[in-house]
Amino acid sequence: MKLVRTVGALGLVGFAAVSGQAAVAAESGGYIGLGVGQSRAYIAEDRIRNQLSGAGLTMNSIDDDDTDVGYKLFGGYKFNKHFAVEGGYFNLGKFGFTANTTPAGTFTGSGKFQGLNLDALGILPLTEKFSAFGRVGYIYTETKDTFTGTGGGIGVAASNPNPDKKEGNYKYGLGVQYDFTYNLGLRGEWERYRVNDAVGNKGDIDMILVGLVYTFGAKPAARAATPPPAYVAPVVAAAPVLVIVPVARTQQYCGILDIQFEINRDVIQREEQEKLGVLETFLKKYPDTTALIEGHTDEVGTDADNMRLSQRRAESVVSYLVSHGIARSRLQAVGYGETRPIADNQTEIGKRLNRRINAIIACATDIEGMAPIPARIAMALELEFDRNSAVVRPQYREELRKVANFMKANPRVTATVEGHTGNLQATREAAMEISQRRAQNVVNYLVTEFGVDRTKLAAEGFGQTRRFAYNTNLEGKQDNRRVNVIFDFPNR
């Protein structure tokens with residue numbers, strides 16, 4: 001007896017949203033969920049007509065019951081933002097028909113479908129609030145049919161009144177997810193199940209589902225600070241200023257000071273002392289911070305002489321800071337000679353840039369509550385970007401909230417958001433364009449999410465021109481894909 005040609009169910013589009021506390025889909029972790037929706041079956045009327053004709057009956061009409069409520073219970077584990085494995089129980093519902101025959105009688109059939117599944121999910125984050133996914137998996141389905149009849153249909157039904165079948169097959173589907181919080185999300189999807197109707201026919205079941213997903217665990221805390229690397233190449237700027245940048249992989253604020261020296265000299269110039277004054281102010285405001293003062297030279301002279309000269313340059317800065325009230329125990333001087341150039345030593349400009357001091361400042365915890373001082377300071381958040389992407393990652397929401405709160409508390413302060421890239425773009429123009437988009441996206445985020453006055457913000461892209469890490473490894477390239485938020489404090 002032919003019951004089903006195709007059993008179908010349609011997948012529903014679901015949505016995922018982030019709450020005000022930087023709700024995002026979990027990068028990894030276990031989860032459970034429940035989905036409920038409508039399943040649909042297409043009754044194989046031609047096959048039923050032929051079945052009855054073979055028994056000497058004529059089918060006059062047929063009434064189909066081809067929709068029902070379906071549901072599933074599932075659990076899974078998300079290994080990363082792009083891949084998860086999911087398994088569970090599904091019940092596709094009950095479908096049936098009643099055929100009216102000549103000689104007078106009826107032939108009625110129904111089928112129930114339920115089983116277990118194991119799926120692999122590929123996930124595509126579309127925005128910080130929304131993701132799409134596709135699935136393919138294995139199912140083990142139990143089908144139970146019931147056939148009854150009256151009049152001439154009694155004999156047809158009696159030949160096999162209660163067939164059943166257990167069989168493995170496949171399924172696939174598409175869906176989307178919207179996360180209200182780190183733990184709770186709304187999912188909508190379409191799934192198609194390949195089944196056997198227990199009387200020799202195979203067909204498909206499509207189901208439209210809407211469901212809730214609960215992810216276990218709390219939102220991961222900010223990554224702990226790690227010791228700073230032995231060296232971080234400084235930001236090269238036309239007019240060096242105190243720049244607070246992420247020396248270590250942390251969501252704290254750190255700093256680099258850039259001072260140039262005359263050829264073969266270790267004396268701090270008068271115009272550079274103003275920059276040291278800004279560093280002095282910073283160290284006094286954050287008395288628990290320490291500073292590593294690095295001395296560097298160009299390649300003119302012998303290696304040994306340059307090493308000694310770079311050490312003297314670093315120690316001269318330490319001595320200056322100590323004379324202005326900074327405890328020597330908080331400062332360390334290290335000379336690197338000509339071993340770490342940031343520019344081409346074949347040009348006079350490059351040599352000048354290489355005759356420098358870097359002050360790498362141990363991180364201060366945040367900027368909240370810091371009173372504006374009469375200087376220009378750059379606060380560089382650790383806003384990393386995916387390769388060739390300008391999407392602001394949701395985990396930086398709280399750090400950007402601090403920036404917004406700081407600007408609201410100090411209405412005279414303005415800010416420039418600088419975008420930077422590694423060396424992954426094909427052309428300088430492409431690098432400049434994506435760095436500009438990164439900066440503009442951060443500006444838009446501060447305006448739309450936290451209500452910062454747009455007139456107080458500016459976006460500027462620098463492409464690959466201001467690296468502070470070498471692009472020789474993946475970590476360095478990631479560090480260069482960054483955004484700096486530079487506050488301009490009004491003079492008092």
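All values below come from the heavy atoms of this structure, side chains included, with hydrogens, waters and symmetry mates left out.
The existence of a salt bridge linking Glu398 and Lys402 is excluded, since no basic side-chain nitrogen approaches an acidic carboxylate oxygen closer than 4.0 Å. A salt bridge links Arg135 with Glu189: at least one charged nitrogen is closer than 4.0 Å to a carboxylate oxygen. Ion pairing of Lys171 with Asp119 is present here, as a side-chain N (NZ or NE/NH1/NH2) and a carboxylate O approach within less than 4.0 Å. Asp68 and Lys94 are not joined by a salt bridge, as no carboxylate oxygen comes within less than 4.0 angstrom of a charged side-chain nitrogen. Of the charged side-chain nitrogens involved, none lies within less than 4.0 Å of a carboxylate oxygen, so that Arg401 and Glu449 do not count as a salt-bridged pair.
Once rounded to the nearest 0.5 Å, the distance linking CD of Glu460 with CE of Met432 reads 9.0 Å. To the nearest 0.5 Å, the span separating CD on Glu167 from CD1 on Ile139 amounts to 9.0 Å. Residue Tyr89 holds its OH atom at 15.0 Å from CZ of Phe74, rounded to the nearest 0.5 Å. In this structure, the separation between CD on Gln38 and CG on Leu92 is 12.5 Å, given to the nearest 0.5 Å. The structure places CD of Glu338 at 9.5 Å from OG of Ser310, a figure rounded to the nearest 0.5 Å. Taking CG of Asp344 as the start and CD of Glu299 as the end, the distance is 8.5 Å to the nearest 0.5 Å.
The two atoms that bring Phe113 and Asn196 nearest to each other are CE2-O, 3.8 Å, heavy atoms only. Closest approach of Phe95 to Ser39, counting heavy atoms only: CZ-OG, 3.3 Å. Leu321 and Ile293 make their closest contact through CD1-CD1, 4.5 Å (heavy atoms, listed as atom of the first residue, atom of the second, distance). The two residues Leu186 and Phe180 come nearest to each other via the heavy atoms CB-CE1, 3.6 Å. Pairing each heavy atom of Ser28 with each of Tyr182, the nearest pair is O-OH, 3.9 Å. What you find for Val447 and Val452 is that their closest heavy atoms are CG2-O, 3.5 Å.
Counting non-hydrogen atoms of other residues, nucleotides and ligands closer than 6.0 Å to NZ of Lys284 gives a total above 12. Within a 6.0 Å sphere centred on NZ of Lys112, other residues, nucleotides and ligands contribute 12 heavy atoms or fewer.
Residues Tyr140 and Tyr138 keep their aromatic ring centres 6.0 Å or farther apart.
In this structure, the side chains of Glu191 and Lys72 come closer than 4.5 Å at one or more pairs of heavy atoms. In this structure, Tyr336 and Val334 have side chains that are in contact, with non-hydrogen atoms separated by less than 4.5 Å. Side-chain contact between Glu142 and Lys144 is present, with at least one heavy-atom pair separated by less than 4.5 Å. At least one side-chain heavy atom of Asp145 sits under 4.5 Å from a side-chain heavy atom of Val199. The shortest side-chain heavy-atom distance between Leu446 and Leu400 falls under the 4.5 Å cut-off.
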Would you check, one step at a time, whether the test side-chain contact (heavy atoms from CB on, under 4.5 Å) holds for Met407 with Leu457? CA-CA 10 Å; Met407 295 194 69; Leu457 298 168; 3.7 Å; yes
Given Asp197 and Lys202, is the side-chain contact (heavy atoms from CB on, under 4.5 Å) satisfied, shown in steps? CA-CA 6 Å; Asp197 69 356; Lys202 290 188 177 181; over 6 Å; no
Residues Phe83, Lys78; criterion side-chain contact (heavy atoms from CB on, under 4.5 Å); working and verdict: CA-CA 6 Å; Phe83 180 72; Lys78 190 174 182 182; over 6 Å; no
Step by step, would you call Leu126 with Ser131 a side-chain contact (heavy atoms from CB on, under 4.5 Å)? CA-CA 5 Å; Leu126 300 176; Ser131 62; 5.6 Å; no
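Using cut-offs of 30° and 60° for the angle between ring planes, the Tyr172 and Trp190 rings count as perpendicular. By the 30° and 60° cut-offs, the orientation of the rings of Phe90 relative to Tyr193 is tilted.
In this structure, Arg192 forms no cation-pi arrangement with Tyr170, as its terminal cationic atom is not both closer than 6.0 Å to the ring centre and no more than 45° off the ring axis.
Glu294 and Gln332 form no side-chain donor-acceptor contact under 3.5 Å, judged by distance and modelled atom types alone. Defined by atom type and a distance below 3.5 Å, a donor-acceptor pair is missing between the side-chain atoms of Asn183 and Thr181.
Partner of Phe133 under the side chain to side chain contact (heavy atoms under 4.5 Å, CB included) criterion, chosen from Glu86, Arg187, His82: Arg187.
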